[in-house]
Amino acid sequence: MAKTLLKIQRYFRRKPVRFFSLILLYLTAGSLVFLHSGFINDSGPGGRGSQEAVAASEKGNSRTSASHARGLGIVSRVFKETHRSGRRYGPPWMKRKSQEGQEAETRGGDYTSNWNRALKGRNAKEAEDGRAKYFGCYVDDTLKRALRGVSFFDYKKMTVFRCQDNCAERGYMFAGLEFGAECYCSHKIQAPNASESECNMECKGEKSNICGGANRLSIYRLELSQESARRYGSAIFKGCFHRPDNVTLALPFSAVILNMSVDKCVDICTEREKSLAVLAGDWCHCGFPTPFFSLHELEDEDMCLHRCQGEEFESCGNDEYFVVYQTQVQDNRCMDRHFLQNRAKQLVALASFPGAGNTWARHLIELATGFYTGSYYFDGYLYNKGFKGERDHWRSGRTICIKTHESGRKEIESFDSSILMIRNPYKALMAEFNRKYGGHIGFASQAHWKGKEWPEFVKNYAPWWASHTLDWLNYGKSVHVVHFENLKRDLFSQLKGMIQVLGLKVSEERLLCVEGQKDGNFKRSGEMRADINELIRTVDAVLKKRNMSGVPEDYMPR
């Protein structure tokens with residue numbers, strides 16, 4: 001044996017190349033065996049992950065079903081494949097059906113094959129697996145939308161997945177994309193088909209996919225939208241209201257429901273694309289806020305006490321007093337917006353200190369009038385969010401009013417009239433500080449709040465809050481003052497006054513539509529109170545001297 005080993009040693013000493021070749025072949029063979037075993041273990045429901053899951057299931061609980069074990073195996077494989085291949089997986093609610101007809105997976109389906117074809121919108125006639133199926137190209141009309149549920153816009157980052165995700169979250173069956181950046185949701189399509197060639201605009205957020213065209217929608221059917229997403233837990237309770245004089249005129253759709261519950265009425269009104277679900281005993285009424293049923297005269301909730309037949313702890317109202325919920329359906333009566341057809345004869349400023357709610361006021365004005373607002377600046381972020389007037393020069397005359405934070409005499413006198421927004425300086429300063437250090441929708445970090453930035457910001461900006469208001473009162477022409485807090489508290493009458501200042505006729509239905517979609521989340525600061533209180537008193541005195549209402553009571557402790 002020793003002689004044999006010695007001969008081998010001498011052989012490889014004389015032939016080192018053969019020695020290294022043999023080692024290389026050995027390592028290659030071992031690697032191939034290892035890779036082969038890995039593929040065998042990871043493939044199919046009978047692979048290693050599935051076997052380990054079944055073993056663990058049987059050991060822990062003999063009653064656990066085989067399907068549960070297979071589910072654990074699938075989750076195990078998904079976890080492994082995510083790390084190995086970097087493939088994307090869908091949100092938790094997304095399901096996937098396998099070609100063999102196995103059970104739908106409840107978490108993390110792979111949508112890299114058939115679903116990608118659906119996203120690109122070119123195989124509309126194929127039956128697609130996955131969370132969505134491309135349905136086709138459809139005509140859309142700004143006055144009569146094809147999809148009449150909620151909608152949102154993003155002129156920079158819109159993608160097919162983002163639109164589908166938003167619509168599915170709200171329980172809608174259809175998601176449609178238009179003009180590369182607009183997303184619409186609904187439970188039904190109310191428009192004719194169009195040629196596929198007319199849906200030809202790439203998505204703003206992903207150039208490889210199509211997002212409709214000009215007045216054309218690329219529509220997808222959301223196969224796996226959840227019925228539970230439309231439950232009243234996502235609806236907003238509006239209160240108790242007296243029966244309108246003419247129920248049929250005020251609430252055009254009505255139905256009697258056996259075993260009435262809030263769930264059932266909200267679901268029916270959501271299906272009917274109505275923003276109000278109104279319960280009156282066994283009756284469910286659906287509609288929109290109108291002058292016949294404006295929701296302005298709130299009653300005591302005790303008047304609506306009447307137990308629902310289908311739910312012991314819910315109140316369903318009665319014949320005289322109705323319980324009202326706001327569904328997730330968007331009221332489209334005030335969504336259309338466009339530029340002025342004729343050049344405006346006067347330039348109207350929408351002036352405010354930064355952080356005083358100017359952007360929110362612009363949103364309300366656009367919804368209430370149907371016209372775009374302009375800006376003294378060009379803010380690409382706001383343009384991408386739907387404020388198309390941002391890209392126009394402020395003197396173009398195509399917009400109904402002009403946003404400005406300027407406070408110099410020359411700039412103020414450039415406008416023929418103005419709406420001056422004033423907000424509690426504590427809140428305005430915090431809002432502007434967040435915008436400065438966190439962007440339009442972000443927040444300043446704790447390091448900024450606790451560091452030197454916040455005190456220095458207040459020291460520099462708080463005096464500007466007062467001087468900005470005083471300058472507009474001194475140099476502005478025909479100044480109409482609106483307090484942010486009053487607009488939030490009484491939107492209908494305050495917004496009505498603003499529209500009259502703009503020289504437009506007030507549409508009560510549009511105002512009611514806007515009122516049903518107002519939002520806001522505001523916080524109060526208690527920093528550097530003494531200095532800011534003195535500035536508030538100064539502004540308050542000047543307002544009263546001009547026979548205007550002073551600042552609201554909640555600006556500071558009196």
Side-chain angles (χ1 to χ4, degrees), residues 88-97 104-105 108-141 144-155 157-230 270-271 273 328-330 332 335:
R88 296 174 57 207
Y89 290 87
W93 47 261
M94 191 174 70
K95 300 180 181 178
R96 176 171 62 90
K97 295 182 180 178
E105 297 171 16
D110 180 0
Y111 57 88
T112 56
S113 54
N114 287 338
W115 186 44
N116 274 343
R117 296 202 306 275
L119 292 185
K120 294 181 180 179
R122 296 307 181 196
N123 298 326
K125 296 180 181 180
E126 294 184 19
E128 310 269 5
D129 289 335
R131 81 184 256 287
K133 184 180 90 170
Y134 181 69
F135 217 66
C137 184
Y138 284 78
V139 175
D140 194 30
D141 187 336
K144 195 174 182 181
R145 292 290 181 188
L147 301 178
R148 302 177 188 177
V150 301
S151 62
F152 74 98
F153 315 102
D154 192 331
Y155 291 92
K157 297 181 180 180
M158 180 62 74
T159 65
V160 173
F161 176 80
R162 186 180 176 197
C163 178
Q164 292 176 346
D165 199 29
N166 275 271
C167 293
E169 273 187 1
R170 291 160 175 78
Y172 286 101
M173 293 180 63
F174 295 101
L177 296 107
E178 181 174 340
F179 206 65
E182 302 173 3
C183 176
Y184 299 88
C185 315
S186 184
H187 290 296
K188 56 184 177 181
I189 304 172
Q190 302 184 65
N193 282 96
S195 169
E196 286 297 316
S197 62
E198 295 177 40
C199 287
N200 53 16
M201 296 185 70
E202 291 184 328
C203 304
K204 297 294 184 181
E206 51 180 354
K207 300 300 183 183
S208 61
N209 284 328
I210 299 298
C211 284
N215 294 324
R216 295 295 183 269
L217 279 165
S218 296
I219 295 182
Y220 297 84
R221 181 183 175 89
L222 305 176
E223 303 287 359
L224 302 171
S225 59
Q226 298 296 317
E227 188 75 8
S228 59
R230 294 186 284 109
T270 300
E271 292 283 356
E273 307 283 358
Q328 291 187 11
V329 175
Q330 185 168 276
N332 284 319
M335 293 306 295

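Throughout, numbering of the chain's residues begins at 1 and tracks the sequence.
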Residue pair [X] / [Y]: nearest heavy atoms and the distance that separates them:
X: Val160; Y: Leu177; value: CA-CD2, 4.0 Å
X: Lys204; Y: Ala181; value: CG-CB, 3.7 Å
X: Leu217; Y: Gly176; value: CD2-C, 3.7 Å
X: Met201; Y: Gly180; value: CB-N, 4.3 Å
X: Ser186; Y: Glu273; value: OG-OE2, 2.5 Å

Going by the ring pair (Phe, Tyr, Trp, His ring centres under 6.0 Å) test, name the single residue among Tyr134, Tyr220, Phe135 that passes it with Phe174.
Phe135
Modelled atom types, side-chain donor and acceptor of Glu182 and Ser151, under 3.5 Å:
no
Tyr138: which residues meet the ring-ring contact (aromatic ring centres under 6.0 Å, His included) condition with it, sequence neighbours left out?
none
With rounding to the nearest 0.5 angstrom, report the [atom1] to [atom2] distance, [X] to [Y].
X: Asn209; Y: Glu202; atom1: CG; atom2: CD; answer: 9.0 Å
X: Asp154; Y: Cys203; atom1: CG; atom2: SG; answer: 11.5 Å
X: Arg145; Y: Gln190; atom1: CZ; atom2: CD; answer: 13.0 Å

Validation row: Phe179, Met158 side chains within 4.5 angstrom (heavy atoms)
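Side chain of Phe179 against side chain of Met158, heavy atoms only: no contact under 4.5 Å found.
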Report yes if some heavy atom in the side chain of Met173 is under 4.5 Å from a heavy atom in the side chain of Arg221; otherwise report no.
yes
Just by modelled atom types, is the [Y] backbone N or O under 3.5 Å from a matching donor or acceptor in the [X] side chain?
X: Gln164; Y: Leu222; result: no
X: Ser218; Y: Gly212; result: yes
X: Asn332; Y: Arg148; result: yes

Could you walk me through whether Glu198 and Arg216 pass the salt bridge (Lys or Arg N to Asp or Glu O under 4.0 Å) test, one step at a time?
CA-CA 7 Å; Glu198 295 177 40; Arg216 295 295 183 269; 2.5 Å; yes
Gamma sulfurs of Cys185 and Cys167 within less than 2.5 Å:
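Their SG atoms fall under 2.5 Å; a disulfide, then.
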